[in-house]
Amino acid sequence: MKTVIKTTDLSKVYNGGAAEVHALKNVSLEFKQGEFTAIVGPSGSGKTTFLNVIGGLDKPTDGHIYIDGVDLATMKESKLFDFRLRHIGFVFQAYNLIPVLTAIENVSFIMLLQKKSKEEMERRAKEMLEQVGLAEKLYVRPSQLSGGQQQRVAVARALASKPDFVLADEPTANLDTQSAFNLLDIMARLNKEENVTMIFSTHDQRVIDRARRVIKLVDGAVDNDEQFDR
Amino acid sequence: MITVIKIAWRNIWRNRKRSIIIIMAIVFGLIGGVFSASIRLGAENQRFRESVENQISHIQIHHDQFIANPEARYRIPDGFKLTDELRQHPDIKIVSPRTVFDGMIATANLNAGVRIKGIDPEIESKTTYLEDLIVEGTYFTEEGRLPSVIVGRNLAEDLRSGVGSRIVLTFQDVEGEIVSASFRIEGLYVVTSKRFEERNVFVNASDLNGLITDDEAVTEIAIVLNDPDKYRIVANELREKYTGLEIRHWADIDPSLFYALEFLERNLVFLVGIIILGVSFGLLNTILMSVLERVRELGVLMAVGMKKAMVFAMVVLETTMLSLIGGGLGLTLSFGLVEYLNRRGVNLEGFGGEGLEEYGFASIVYPELEPAFYFNLGILVIAFAIIASVYPAWKAIRLVPAEAVRQE
Amino acid sequence: MKILLTLAWRNLWRKKRRTFITVSSVMFAAILAITLMSMINGTTDQMIDGIISNSTGHLQVQDVLYDEEPSMDHALEYGDEVKAVLEKYSDYISYTVPRIQGFCLASKDIGTRGVVVTGIIPEFEDRMNDLSSRMIEGEMFTPDDNYAVIAEGVATQLEVAVGDTIVLLGQGFQGMTAAGKYKVGGVLRFTLPEQNNRMVYLPLREAQWFYAAPDRLTNLIIMVDDARDVPLLARNLQNDLDGEWYAVKTWEQLMPDEVAAFEARDAQVRLFAWILYIVVGFGIFGTIIMMLYERLREFGILLSIGLKRAQLAVICALETLFISFIGVLSGIVAGFIVVYWLYLNPIRLTGDLADIMLDFGLEPIFAFSIAPHIFIFQGMIIFIIALIVGMYPVRKVFKLDVVEAARK
């Protein structure tokens with residue numbers, strides 16, 4: 001299997017006034033294509049920081065992130081925007097859909113920014129919304145969707161542009177049990193069908209139980225890294 | 001209640017950026033309002049000085065035949081006694097007795113009809129500030145062979161003469177006999193009216209009284225009041241007391257000037273009003289926006305059990321505190337600004353006031369303001385800020401907490 | 001690109017209340033600026049119209065030497081040549097007011113007064129300044145009558161009543177003696193003392209005969225419909241008339257004092273406009289900055305899912321453009337309604353000022369102008385201010401910390 005992400009000695013220090021906070025300490029990890037990985041750990045263990053750094057949203061204080069052999073840590077901001085757009089899909093805890101756009105427009109949004117053709121965009125957006133079970137809700141705005149439905153749109157958006165990997169920060173935190181299972185089913189299925197790497201931070205046991213690899217962070221350092229065969 | 005005040009105070013510090021913006025909006029609004037009002041008053045007083053006080057004075061007294069026949073024979077009976085009496089009046093600041101009549105001014109080739117004003121140089125410099133209006137030459141300081149005359153710059157140009165030129169004044173004495181005498185131009189003055197400059201020349205009253213053979217002659221008394229606004233009251237009072245004399249205030253003497261000044265002043269009151277409206281709307285919108293943004297936060301407070309009345313009180317208290325801080329700061333700064341500009345002056349040249357100096361209009365305005373205005377504007381702005389906060393606060397507490405929390 | 005436009009447009013409609021507040025802050029700015037300028041222009045036109053119709057008129061044709069030496073010898077010939085030139089520009093000329101005037105002595109029995117005897121055509125004088133309405137006794141003459149109408153002050157000083165006869169004596173054309181006996185047919189009351197004490201009117205034809213100057217005028221007043229035509233019309237008339245004989249003078253050339261006074265007022269008033277622009281600019285700024293803080297999270301999300309900063313900046317700029325445009329447009333419409341209402345129901349003045357204005361034949365109001373250029377120009381200024389202020393969020397987009405903003 002091909003390595004999608006490789007980090008070496010990744011560190012992140014926040015200067016929170018008087019005290020320095022070491023959010024990440026020498027994290028060296030590799031993620032292979034098609035992985036379904038949960039990053040777990042207590043609050044403040046560095047989960048979100050880790051996702052932000054490998055997603056190119058935040059710069060590490062030290063260390064490197066290689067994606068397809070390119071180092072994100074030294075990339076200029078203008079290039080990073082482009083890189084994120086082409087290689088990474090995001091799913092956030094609070095859905096973060098664009099409120100003024102309909103479901104299909106939200107899913108098409110990234111592809112639109114990638115300047116894909118109109119036909120391809122529409123076909124793919126419809127396909128993805130069907131995949132997440134929202135074929136009936138193409139032209140509905142986020143405010144008229146339930147939380148679970150909104151998060152499924154967010155997943156469709158993240159995957160529609162065929163990124164190398166998807167980062168999801170606490171995707172189920174705002175969902176009830178039924179919606180959470182529903183979402184996880186969809187994500188697991190898409191992970192296999194599209195063969196896309198998925199990494200999500202979580203402290204939700206339901207999510208952890210579904211992951212094939214679980215990495216535990218404690219105080220910004222890797223405490224445990226286990227593979228499961230599911 | 002103490003708790004609410006505490007929470008309100010902490011909220012102000014927690015949202016430091018928002019608080020600073022509201023305070024800034026109040027401060028800038030106050031400065032704008034105060035500045036425009038102070039320019040208005042400063043300019044009004046300046047214009048009054050330039051056109052009324054430098055030329056006419058607040059009140060003038062004459063013999064009742066003098067207006068129709070401005071000649072030396074129509075003197076004010078016992079003029080100096082009347083002058084002394086008037087000086088006792090509590091509302092009167094300066095009384096300037098003059099010997100005034102119409103005559104001719106002539107150079108070797110040219111002549112013109114003028115009003116010759118015999119004055120006491122020292123008193124006159126406190127009455128019409130004539131000394132300050134001299135733009136060339138000096139003000140009754142030279143003891144030459146010929147007596148001195150001060151003429152308008154425009155008249156000097158018409159007569160093709162200047163400082164040092166010899167001119168001849170011709171007029172009738174108290175008996176109606178024609179008298180001519182030589183004078184030397186000692187200084188040139190400038191006022192806002194070219195016509196005034198062309199029509200009025202000033203000489204020493206003692207020189208003139210010798211020539212008209214009456215050392216006690218007074219044909220005109222000019223009066224300066226302590227409070228210029230009382231000109232109508234004082235004039236009416238004097239009219240009742242001294243019935244035989246022609247007593248007129250400046251608005252009687254030059255109604256078109258009264259119209260021009262009064263019309264402009266009322267006009268400016270409206271313009272200042274529009275600016276203050278602008279200040280108020282800006283503030284209203286800024287505060288409305290800042291509270292709308294907080295609907296979610298207020299919803300959370302209600303959700304965790306804060307009473308609606310307390311939430312309402314908290315929002316209004318916050319704005320009140322902010323407007324008190326902003327109001328205090330803004331008034332202090334604008335007071336400082338007006339005091340500073342009052343000394344330095346505001347140059348209107350950049351606004352199209354170029355070349356006005358030539359006409360005797362100062363292109364520099366010295367802003368000034370009554371203390372009451374600061375107080376009133378301060379109250380107004382604070383009241384506006386509170387009104388602006390009441391609507392969104394009321395709106396917020398009417399929301400069901402769950403709904404408010406969900407608002408983005 | 002289209003998606004950015006869509007996003008910007010839909011963002012406006014999503015938060016209607018927020019958009020409404022921002023739009024209204026721009027709208028109020030435009031309304032206030034329009035009202036301010038409409039008042040400034042309206043009252044300026046009003047004052048200029050008043051002063052023009054009570055004195056010089058818009059334009060005068062005079063003999064070239066008359067300005068230097070206003071004597072009857074310098075009366076102009078009002079013949080076919082002048083009439084032909086006036087006919088050529090009749091589209092711009094509203095009407096003309098011919099006058100012949102000179103200095104005379106008026107006497108009855110033993111009393112004698114210096115007066116100004118003016119020959120007029122009452123119809124045109126009435127059109128210019130409603131002269132006949134000043135009649136307090138008797139009747140205005142027709143062009144074919146041969147009696148005199150005199151000012152109240154003249155009547156008092158000479159002790160004449162309607163029906164009495166006065167003798168006029170003066171200098172006619174080219175050294176002729178002007179002498180005549182006229183019955184007094186009416187008495188006029190003027191506000192300005194210099195008019196009330198000096199004016200005597202005769203029918204134009206009679207006055208021309210009296211001055212031995214048939215077909216001659218000292219001043220040919222030209223009134224126009226639109227005061228803005230004056231400079232061009234003056235130039236054209238001067239070009240077409242023989243410059244050796246005729247001089248065309250505008251009211252600005254004839255009344256330099258008044259023009260300077262207007263300029264002094266203008267400079268100050270323009271400063272007020274600037275203060276208003278700054279004040280409303282800050283108002284809009286406060287509103288926009290509040291809106292910005294509310295939206296930082298939204299910006300953070302857009303940036304984190306892959307929108308480029310430049311693209312987000314375009315969205316912000318488009319929103320600013322929409323808001324400014326809608327605000328200014330609605331401000332112009334609302335401003336027009338406000339100003340038009342004030343134009344139809346002007347602010348009435350009261351007190352001494354109103355009395356004086358009525359005496360001058362002016363309506364005691366604050367006039368508002370509805371000239372289209374006010375709306376266009378003020379709208380543009382506010383639009384530019386809103387755009388400049390609205391660029392703040394655009395700049396902010398480039399400095400935004402993505403992680404922090406998305407977390408809010």
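Below, chain A is the first sequence line, B the second, and so on; all start at residue 1. Everything numeric here is computed off the predicted structure, so don't read it as measured data.
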Residue [X] versus chain C: region with a heavy atom under 4.5 Å:
| X | result |
| --- | --- |
| B:R195 | both |
| B:F281 | side chain |
| B:D158 | neither |

Looking at [options], which makes the most heavy-atom pairs under 4.5 Å with chain B?
| options | value |
| --- | --- |
| C:L353, C:L349, C:I40 | C:L353 |
| C:S25, C:G153, C:A33 | C:S25 |
| C:G286, C:G283, C:G351 | C:G286 |

Under 4.5 Å from any heavy atom of chain B, what part of [X] do you find: side chain, backbone, both or neither?
| X | result |
| --- | --- |
| C:F28 | side chain |
| C:I365 | backbone |
| C:I284 | neither |
| C:R295 | neither |
| C:I31 | neither |
| C:T156 | neither |
| C:I278 | neither |

Taking NZ, NE, NH1 and NH2 as the nitrogens, is one of them in [X] or [Y] under 4.0 Å from a carboxylate oxygen of the other?
| X | Y | answer |
| --- | --- | --- |
| B:E368 | B:R40 | no |
| B:R266 | B:E262 | yes |
| B:R232 | C:D352 | yes |

Answer yes or no: does atom [atom1] of [X] have more than 12 heavy-atom neighbours from other residues, nucleotides or ligands under 6.0 Å?
| X | atom1 | answer |
| --- | --- | --- |
| B:M104 | CE | yes |
| C:Y343 | OH | no |
| B:K230 | NZ | no |

Check: Taking all non-hydrogen atoms of both residues, which atom of B:Q46 and which atom of B:V365 are closest, and how far apart?
Finding: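 Nearest heavy atoms, B:Q46 then B:V365: OE1-CA, 3.5 Å.
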Could you have a look at [options] and say which one has the most heavy-atom pairs with chain C under 4.5 angstrom?
| options | answer |
| --- | --- |
| B:L284, B:N69, B:L271 | B:L271 |
| B:G282, B:A43, B:S256 | B:S256 |
| B:G29, B:G33, B:P255, B:G32 | B:P255 |
| B:Y259, B:F258, B:F263 | B:F263 |

Notebook entry, point to check: So, does B:H62 use its side chain to make a donor-acceptor pair with the main chain of B:D64 at under 3.5 Å?
Noted result: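 Between the backbone of B:D64 and the side chain of B:H62 there is no qualifying donor-acceptor contact (under 3.5 Å).
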Checklist line | Any C:V338 side-chain heavy atom under 4.5 Å of C:F368 side chain | finding: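 The answer is no; the side chains never approach within 4.5 Å.
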Margin query: Applying side chain to side chain donor-acceptor pair (under 3.5 Å) to B:T192 and B:Q55, what does each step give before you reach the verdict?
Written below: CA-CA 9 Å; B:T192 52; B:Q55 295 171 35; 2.9 Å; yes
Next item on the list: Can you spot which of B:V272, B:L337, B:V338 makes a side-chain contact (heavy atoms from CB on, under 4.5 Å) with B:S38?
Entry: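 One option only clears the test, and that one is B:V338.
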